[in-house]
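Just so you know, residue 1 is the first one in the sequence shown, and it goes up from there. The structure presented is a predicted model; accordingly, all values stated were derived computationally and were not measured.
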Amino acid sequence: MGRPRLGTDKVSVLGVRHHGPGSARAVAAALDEIKPDIVLIEGPPEADAITSLVGGLEPPVALLVHLADTPKAGTARSRESWGFWPFASFSPEWAALVHAHERGVPVRFCDLPASHTLAERIERAEAAEREQGPEESPSAPARVRTDPLGVLAEAAGYDDAERWWDDVVEQRGDGEPSPFPAITDAMAAVRAEAGPETGRDARREAYMRQTLRAVLKEGYERVAVVCGAWHAPALRDLYDHPVKDDAALLRGLPKVKTTATWVPWTHGRLATASGYGAGVTSPGWYHHLFTSPDLPIHRWLTDAARLLRDEGQPVSSSHVIEGVRLAESLAVLRGRPLAGLDEVSEAVTAVLCEGEQTRAALVHGRMVIGERLGSVPPDTPMVPLQRDLMAAQKRLRLKPEAFDRDLDLDLRKDGQRERSVLLHRLRVLGIEWGVPRASGHQAKGTFRESWRLRWDPDMDVALIEAAPWGTTVASAATARVVEVAADAELPTLTALTEQCLLAELGDALPDVLALLTDRAATDADITHLMAALPPLARAARYGDVRGTDAAYLRTVALRILARVCVGLAPAVRGLDDDAAARFVTSIDQTHAAVSLLDEDARGWTEALESLAARDQVPGRIGGRVNRILADAGRISTEELHRRLGLTMSPGTEPTRAAAWLEGFLQGSGLILVHDERLLGLIDTWLLSLSEERFVAVLPLLRRTFGAFGSAERHEIGTAVTRADGGRTTTVRTRRPVDTRRAAPAVAAVTALLERSRA
């Protein structure tokens, strides 16, 4: 029996690169000529049932095949429970899907089923986890295969395989002869040198051949197969591979139950830089070549000029004309059939950006990747959780986008508060579509929130993984909070309490609060108690904005605060410098939390005063506590000078004095600008140190003053040198404050502060 050959008999094998505009156009042209009555495409057969949705998809999209049952999070099974097969508008497989859909031709995927692929991955991961533990599980060793493009490029006299493929295939014009016979013959020659295929790729090709045999047996007369160029010879030479050998390769493969769907994808995830094995370096450029086959260089440089003008850069039409000439001249000099991305990029830099690398980087960064997010129709198979989110996105007018977008919300408006609630609920589920942007008003729990939004395709997987918790975002987030709270420590519980209020998870709040009360009563770790206070205080404040009764939260917070006050002094004994630095952070956060509670903070202030008066407190903590009390007006100026004088006295170890000073000045050193006596005490202390002791404390002092901004350091330096002799040793007489003239300014500032607390 003769064997089917490419373009003859019943089978036409089109070997392609998985993402390339030239390959896509060549596939479309070949299919128009072949007029197949069925099309086979390299991909998971589980997707056969959803190929009818192609007409409603907007690429880039991806086939997502995942386990039908959702495994427990954190296990090897959950980490290997899904796989993606991406498609862009310039993917040859997508061109084949569109051809079949538009002409009503049956289409099937012919690669090894994902049910086997995922099962093999799960088995390897579980075996590695048993042998080495989850931290060190290695991936299975892959067979090292000869780079076919590298071999062919070298034979053609190229030192760059990507450039060779672009010149030979991707930049081919319409109407040129089909490249597929030559590609398949070339790959056959490379495979003959490399030896027979083994392992997973051998099983994949065996399954492809079995699928092809089944289609021929069904009576199809014109079969087109679109597959990776490497596999083309294995399918073209169908009868060189006995049926029994292929069956033996596929016998006994592990299998799991799977489900397939379509999900939006992005150009960024198609790029090689994302780690995608079949990625391309410049998806935006390839998309441009595919959608602009006529005058692609002219159109690309015109788009680049428009982008630069939108950014306020002076670019004229003459720049574009000269840029086209330069790109085409470079292509001729380098012997290329058409100017490629390298030549176009050089023209953008040299002509449009006039050699400015920063301006050129703006163009390259936006256009070469050309970030875009695809879309899928509403009737695409989804888990209920995905459907609920899609409905919420539509109702709240929050469109998923593949680039960063800032969103400012006013929580007093119902629609904007609902947006905030949705984003917070998704964060509870581990879906970081929105990330809060740090800002002063947000940190204090006012009615405004600022977010940065960016949708990533992996979030669809996260939604599927979260499906066992509930059918809606609200129910899933509630179940997730209750599950996490069951084994959480006190700081996590207070954070969950805050999340419950932000996400309006009223059904979960009672369970979390009950656990919070129990943990707070039994947890003896003072750092846990201090870490628990800030989120609890913020949660109480949010209750005022979101209509939640925060009285109980405030009561729990005050109980925790009382225990912190009692345990504060014993907790600081014997701390080294690093531990003292961490404890200072805890003190600052607790102090800020106390200010949010709107309660009498006498107990906290008295605890700080008691701590400040102790001699054995680590220097950094002692300095910080004294600064807090001084800023709050709890220490008089004379008393502060006395304490600083004792700390800087000759009897105090210089390193302790330097640590005290670091704690005192942490966050702001402007107090030295406004209190010349303090500055003079420090100056006198430094001058009294011996050379040896000065060298010992110098690193601490550099760390202290190095944390200040340049303007702040300049002000301190000016204060040091403005007195006679370059030293500030005397106190300048200050004019008394005119309270009558200051009254309007004080009233205005008071009004602003009251409004910010509203």
message = Per the ring-ring contact (aromatic ring centres under 6.0 Å, His included) rule, what does the pair list look like for residues 300-334, sequence neighbours excluded?
response = Trp285-Trp300, His288-Trp300
ask   = Are the charged groups of Arg204 and Glu42 less than 4.0 angstrom apart, N to O?
value = yes
task = Give the ring-plane orientation class for His19 versus Phe90, where under 30° counts as parallel, over 60° as perpendicular and anything between as tilted.
result = perpendicular
key: Minimum-distance pair of heavy atoms, taken over all atoms of Val376 and Pro264   = CG1-N, 3.9 Å
task = Could you tell me which residues satisfy side-chain contact (heavy atoms from CB on, under 4.5 Å) with Thr349, sequence neighbours excluded, listed by chain and number?
result = Gln357, Ala360, His364
task = Determine yes or no for a side-chain-to-main-chain donor-acceptor pair under 3.5 angstrom, with Trp262 supplying the side chain and Ile50 the backbone.
result = yes
task = For Arg419, check side chain to side chain donor-acceptor pair (under 3.5 Å) against everything at least two apart and list the hits.
result = none
query = Which residues satisfy the ring pair (Phe, Tyr, Trp, His ring centres under 6.0 Å) test with Phe109, sequence neighbours excluded?
reply = none
ask   = Got a donor-acceptor contact below 3.5 angstrom from the Arg454 side chain to the Ala402 backbone?
value = yes
remark   = Nearest heavy-atom approach of Gly15 to Ala232 is CA-CB, 4.0 Å
ask   = Minimum heavy-atom separation for Met382 to Pro377, with atom names?
value = CE-O, 4.2 Å
task = Could you tell me whether the side chain of Arg372 and the main chain of Pro60 form a donor-acceptor pair under 3.5 Å?
result = no
query = Excluding sequence neighbours, so at least two apart, what forms side-chain contact (heavy atoms from CB on, under 4.5 Å) with Pro45?
reply = Asp48, Pro113, Tyr207
ask   = Residues two or more places apart in sequence or in another chain: which of them pass salt bridge (charged side-chain N to carboxylate O under 4.0 Å, His left out) with Glu401?
value = Arg405
ask   = What is the minimum heavy-atom distance between Ala62 and Phe84, and which atoms define it?
value = CB-CD2, 4.2 Å
key: Polar side chain donor-acceptor pair, Thr51 to His101, under 3.5 angstrom   = no
note = Taken in chain and number order and not counting sequence neighbours, the residues that satisfy side-chain contact (heavy atoms from CB on, under 4.5 Å) with Ala229 are Ile183, Met187
Side chains of Leu31 and Val105 in contact at under 4.5 Å (non-hydrogen atoms) = no
note = Across all chains, not counting sequence neighbours, the salt bridge (charged side-chain N to carboxylate O under 4.0 Å, His left out) partners of Arg222 are none
request  = Name all residues meeting the side chain to side chain donor-acceptor pair (under 3.5 Å) criterion together with Glu328; count only those two or more places apart in sequence or in a different chain, and write none if there are none.
outcome  = none
task = Quick one: list whatever passes side chain to side chain donor-acceptor pair (under 3.5 Å) with Glu120, sequence neighbours left out.
result = Arg203
inquiry  = Determine whether a donor-acceptor pair (N or O, by modelled atom type, separation under 3.5 Å) exists between the side chain of Glu46 and the backbone of Ala114.
reply    = yes
inquiry  = Tell me if the aromatic rings of Phe87 and Trp85 count as close, with their centers under 6.0 Å from one another.
reply    = no
query = Going by an N to O cut-off under 4.0 Å, is there a salt bridge joining Arg209 and Asp237?
reply = no
key: Residue pairs fulfilling salt bridge (Lys or Arg N to Asp or Glu O under 4.0 Å) with at least one residue in residues 314-326, sequence neighbours excluded   = Glu322-Arg325
request  = Give the minimum heavy-atom separation between Ala125 and Glu80, together with the two atoms involved.
outcome  = CB-CG, 3.8 Å
query = With sequence neighbours excluded, what pairs up with Ala462 under the side-chain contact (heavy atoms from CB on, under 4.5 Å) test?
reply = Ile431
